Amino acid sequence: MPELPEVEMVIRGLRDDLVGRTINGIAIHWPREIWSIGTDEFIDRLIGQKIEGLRRRGKYIIFDLSYDALLIHLKMSGRLYVAEPETVVSDDRWIRVTFQLDDGRELRFSDARKFGRVYLAGSAEEIVGKLGPEPLDEEFTPDKLHELLNNRQGTLKPLLLNQAFLAGVGNIYADEALWRAKLDPRRKVNTLNPEEIHNLHHAIQESLLSGIQHEGSTISWYRKPDGTPGGYQNHFNVYDRENEPCPRCGTPITKIWLGQRGTHFCSNCQK
DNA sequence: CGGACAACCTGGCGGC
DNA sequence: TGCCGCCAGGTTGTCC
């Protein structure tokens, strides 16, 4: 579910409620979502720490705490929201971890498919250290993308999904970026010329920024912390639009399997 | 290094 | 209405 734009919307929606709060208690309802340390140590270390900051790295949510870093990966179906303890919402059906806050409210982590991961580490780098660059950072320039591609072989779209190559792009935004760049997802990366790389760089940034502008894509699971859906699914050019007309040329969108992921593109204008 | 595939899970939807 | 199979915004480990 959540890619960079969706995770970005989650942290924006939670920041005011969480920064400055202290974690007073934790309830773990599905222990297998706690990674990196055991559940007993997780609870012991976490209680009493203050949330100093909230940020995103790739698709990870990072809570900077008094002494440690708490990280959450939403994977396919994770949701985070703050609620009064007595309040019941439909997502509560899939709560895996509850964090009690010092203002009496609680942060709930709901995750129907149980793929989500919660980490506690001395430093966030222990968990996110191997991620590739942030595609919306100033340091991610067309030249930087060129340099990254120089040392690579392989197929274009699977490489965009590789988080060690570039952090935050997932299946939706990879398909959308390749459509904007007019590039065939099956292209071998060592056949891209400088102009195509430049277009790709621009297309990745535009797709992600457009996703954020429309508050993320809601197909099934993703919701903002306030419970409302995003709107970018109404602006897809190719993703989830098999057989519908390409917005650029009218050719029906093709769906294929590439790297075990459904892949949508226009066979006429993506070369 | 890259590609293929299974595993981790549950829910929703289309088809019969 | 049921039941069945398929599909899903992600990662990771294993094998070739």
Side-chain angles (χ1 to χ4, degrees), chain A residues 1-10 29-36 56-61 71-80 90-97 109-119 127-132 135 148-178 185-191 204 207-208 210-212 214-224 229-243 255-264:
Chain A
M1 144 193 138
E3 306 181 31
L4 187 155
E6 290 75 32
V7 177
E8 181 66 27
M9 292 310 299
V10 170
H29 310 102
W30 190 256
R32 277 150 67 176
E33 297 216 357
I34 307 298
W35 289 71
S36 77
R56 180 192 59 72
R57 175 77 172 94
K59 301 172 191 173
Y60 288 81
I61 296 162
L71 293 92
I72 297 182
H73 197 303
L74 303 172
K75 289 289 180 84
M76 298 290 267
S77 58
R79 294 177 183 170
L80 278 174
S90 58
D91 293 352
D92 293 346
R93 183 175 162 198
W94 304 293
I95 286 184
R96 309 305 179 202
V97 185
F109 179 39
S110 164
D111 180 22
R113 291 183 69 182
K114 299 178 175 170
F115 286 175
R117 292 186 173 193
V118 181
Y119 305 85
I127 311 299
V128 298
K130 289 181 179 163
L131 293 178
L148 290 171
L149 288 168
N150 265 340
N151 313 314
R152 290 286 184 158
Q153 307 264 316
T155 311
L156 183 52
K157 181 183 167 184
L159 187 61
L160 293 181
L161 296 180
N162 180 345
Q163 301 299 296
F165 175 76
L166 185 65
V169 175
N171 210 32
I172 292 176
Y173 295 93
D175 282 1
E176 291 295 319
L178 290 168
R186 299 164 293 187
R187 279 282 291 278
K188 296 298 170 190
V189 294
N190 55 12
T191 69
I204 290 168
S207 300
L208 295 171
S210 190
I212 293 170
H214 292 285
E215 305 190 317
S217 310
T218 296
I219 296 167
S220 55
W221 295 108
Y222 164 71
R223 296 290 185 284
K224 290 178 283 169
Y232 193 53
Q233 66 282 1
N234 300 317
H235 300 271
F236 289 162
N237 296 292
V238 285
Y239 187 84
D240 204 21
R241 296 194 63 242
E242 184 180 13
N243 295 327
K255 182 176 183 183
I256 60 169
W257 288 95
L258 185 58
Q260 288 75 239
R261 309 299 299 277
T263 297
H264 316 74

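We use all heavy atoms of the structure for the numbers below, so side chains are in, but hydrogens, waters and symmetry mates are not. In this text the structure is predicted, and so the values were computed from the model without any measurement. In what follows, chains are A, B, ... by sequence order, proteins preceding strands, each numbered from 1.
A/Leu131 places its CG atom 11 Å from the C1' atom of C/dT11, with the value rounded to the nearest Å. Taking atom CG on A/Leu166 and atom C1' on C/dT11, their separation rounds to 16 Å, with Å as the unit. At whole-Å resolution of the value, NZ in A/Lys255 and P in C/dC6 are 14 Å apart. The distance between atom CZ of A/Arg117 and atom P of C/dG10, rounded to the nearest whole Å, is 14 Å. Protein atom CH2 of A/Trp35 is 9 Å distant from nucleotide atom P of C/dT12, rounded to whole Å. Rounded to whole angstrom, the span from the OH atom of A/Tyr222 across to the C1' atom of B/dT10 amounts to 21 Å. To the nearest angstrom, C1' of C/dT12 lies 15 Å from CG of A/Leu161. Atom CD1 of A/Ile72 and atom C1' of C/dG10 are 16 Å apart (whole Å).
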inquiry  = Checking A/Thr263 against A/Lys255 for the side-chain hydrogen bond (donor to acceptor under 3.5 Å, both in side chains) test, could you report, in this order, the C-alpha distance in whole Å, the side-chain angles of both residues, the deciding distance, and whether it holds?
reply    = CA-CA 5 Å; A/Thr263 297; A/Lys255 182 176 183 183; over 6 Å; no
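Residues A/Lys157 and A/Asp175 have side chains in contact (heavy-atom distance under 4.5 Å, counting atoms from C-beta outward). Inter-residue side-chain proximity for A/Pro2 and A/Val10 is flagged as unmet; no heavy-atom pair is nearer than 4.5 Å.
Taking side-chain N and O atoms only, A/His73 has a distance below 4.0 Å to OP1 or OP2 of C/dT11. Contact check, A/Arg93 against B/dG11: a side-chain N or O comes under 4.0 Å of OP1 or OP2. Here A/Trp94 reaches the OP1 or OP2 of B/dG11: one of its side-chain N or O atoms lies under 4.0 Å away.
In A/Gln153, the CD atom is not crowded: 12 or fewer heavy atoms of neighbouring residues, nucleotides or ligands sit closer than 6.0 Å.
The side chain of A/Trp257 sits closest to C/dA8 out of B/dG11, C/dA8, C/dT11.
For the atom pair CD of A/Glu6 and CG of A/Leu74, the computed distance is 10.0 Å after rounding to the nearest 0.5 Å.
Taking the six-membered ring for Trp, A/Tyr232 and A/Tyr239 have ring centres at least 6.0 Å apart.
Among the protein residues, A/Tyr239 comes within range of the sugar-phosphate backbone only, with heavy atoms under 4.0 Å from sugar or phosphate atoms but none that close to a base.
Ring-plane geometry between A/His235 and A/His214 is classed as parallel, the angle between the planes falling under 30 degrees on a 0 to 90 degree scale with a further cut at 60.
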Letter per nucleotide, 5' to 3', of nucleotides 1-8 of chain B [B base touched, S only sugar-phosphate touched, - untouched; heavy atoms, 4.0 Å] = -SSSB--B
